[in-house]
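Single-structure report; data block below.
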Amino acid sequence: MTSNIRVRFAPSPTGYLHIGGARTALFNWLFARHNKGVFLLRIEDTDQQRSTEEATQAILDSMKWLGLDWDAGPYSQSQRLAIYKRSAEKLVEQGKAFYDTDAEGRKAIRFKMQDGTTEINDLIHGNITFDTALIEDFVILKADGFPTYNFACVVDDADMEITHIIRGDDHISNTPKQIALYKAFGFKIPEFAHIPMILGEDGSRLSKRHGATSVTEYRDKGYLPHALVNFLALLGWSPGNDQEIISIPEMIDKFTLKRVNKTSAQFNNTKLDWMNGQYIKNTPIEQLTTEAERFFEKSGIDMAKIPRGWLSNLVTLYHERFKTFQDLLEQTRFFFNDTIEYDLVAVEKFLKKEKIVELLRDVYSAISHIEDFDKKNLEDSLRALTVKTGVSFSKLAQPLRISITGKSVSAGIFETMELLGKEKTLTRLNNTIKNLCEMPEAIKLNS
RNA sequence: GCCCCCAUCGUCUAGUGGCCCAGGAUGCCAGGUUCUCAGCCUGGAGACAGGGGUUCAAAUCCCCUUGGGGGUACCA
């Protein structure tokens, strides 16, 4: 069962899909899915200088990764040049447009703007009126035979029978020009819904200097697509209750333009990280393991040597502790490295102390006899050691942790040792002891 | 300059005249759990940009100012 609602996402392939564009695509997609309409994709490559094939591919890849599937297209405006030319000439014949040669000798077709007022009834902003006397006769067909944005957009939206134009509110001031074109052609004027823009974290227009702004960057840093989608959906839209984590089907079910607000939103990486962490916690270990394997491999770790079961245990241990796969990699790198890198501050604070070497030796002998090197046996033997030596467990845990991980922060110490394995644990412990008493400088050099 | 849009905690937002001395989330702070950190639990600080109206009553309606954003291209 479908309705006759048709929307489109029409990016220009002059760069990667950035998060603002992704959010526009998402809102169009949600609107189409909610209304059982059609969502189509159109590539607006009418700028011969800036459009690239790579950018088009990157946009398609990003859409797919986000799960925003389209029902028609992608259409490319560069493939439809004849249509625009014929349409522009028709307007010239009707006296609604004219040829114009500029100072540089370029001959183009301009549209003749009529004086008057144009009113648009925006689905989000309500009524907006413009004085069209303030709008100049604008170019619709450039000297290179390509149409301009405003022209191609109208011709295509009419041709593709778009019923609702959902786009960024930076297009509000283009709308009266487009409406004039619709009227000149006698086309039915679609509904307009101008959604608020997404600004950078400092409130200014989103640009490269804000760090990650493209969807591909988030993918490469190990974010989950659904988390990004959820986060983006909540920028300018809300389900009407206090819900923050919303599944895609639920989003589709609840999405209406009425609940889209008018105020621009600043992107907030911190909250995205939190949300991604929530999604990770709600994702099965199996699936995360597969993702982690792919991510680690891409990051240069030879996964051929890593058993799947072991990796699965690693993911389980860190399940509630990592926010992105990049984060997981950073937290668990010491498992994969042959030599550990000591955190100097931690070494100073916990290892360069009286009696530490003796303590570590005690630990070594206590655990080196364990046959089943699991967390239960490790805990039993170390608890016993604290009773025997009178050293509190908290005084023992940190030096031990740094000895085998190099850091003062890690997952539980018993679980970490079990996962590292007896051989590596003992080797690292022994190396740290050696470094401490024989060549304390080695610790420094390693770092 | 001119035209247009917008204005609730730092940030994302709920709120469509009384239910709001403004609710949720994130972040921050404190306490708890604890081998560190994270997580989790509990508590706390934190906003209606300013000024005029309208009304018995305004975060909610109107006007002005200020601030932010966008447009003003043979870019999209």
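In what follows, every chain begins at residue 1, and chains take the letters A, B, ... in the order their sequences are listed.
- By the 4.0 Å N-to-carboxylate-O rule, A:Glu89 lies close enough to A:Lys85 to be salt-bridged with it.
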With sugar-phosphate taken as primed atoms, P, OP1 and OP2 and all else as base, the protein-contact string of nucleotides 67-76 of chain B at under 4.0 Å (heavy atoms; B, S, -) is --SSS-SBBB
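- You'll find that the side chain of A:Gln398 is closest to B:U36, out of B:U36, B:A25, B:C4.
- Within a heavy-atom distance below 4.0 Å of RNA chain B, no residue of residues 87-98 of chain A is found.
- Listed by residue number, A:Leu234, A:Leu235, A:Gly236, A:Ser238, A:Asp242, A:Glu244 are the residues of residues 231-247 of chain A with a heavy-atom contact under 4.0 Å to RNA chain B.
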Protein heavy-atom contacts under 4.0 Å, written 5' to 3' over nucleotides 39-46 of chain B as B (base), S (sugar-phosphate only) or - (none), form the string SS------
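- At the phosphate of B:C6, OP1 or OP2 sits under 4.0 Å from a side-chain N or O atom of A:Lys262.
- Residue A:Arg259 has no polar side-chain atom (N or O) positioned under 4.0 Å from OP1 or OP2 of B:U13.
- By the side-chain hydrogen bond (donor to acceptor under 3.5 Å, both in side chains) test, A:Asn377 is found to be paired with A:Asp374, residues two or more places apart in sequence or in another chain being considered.
- Between A:Asp100 and A:Lys107 no salt bridge is recorded (no basic side-chain N to carboxylate O distance below 4.0 Å).
- Set against B:C5, B:C12, B:U36, the side chain of A:Val409 has B:U36 as its closest nucleotide.
- Listed by chain and residue number, nothing satisfies the salt bridge (Lys or Arg N to Asp or Glu O under 4.0 Å) test with A:Lys142 (two or more places apart in sequence, or in another chain).
- Annotation: A:Phe255 is not in aromatic contact with A:Trp29 [ring centroid separation under 6.0 Å not met].
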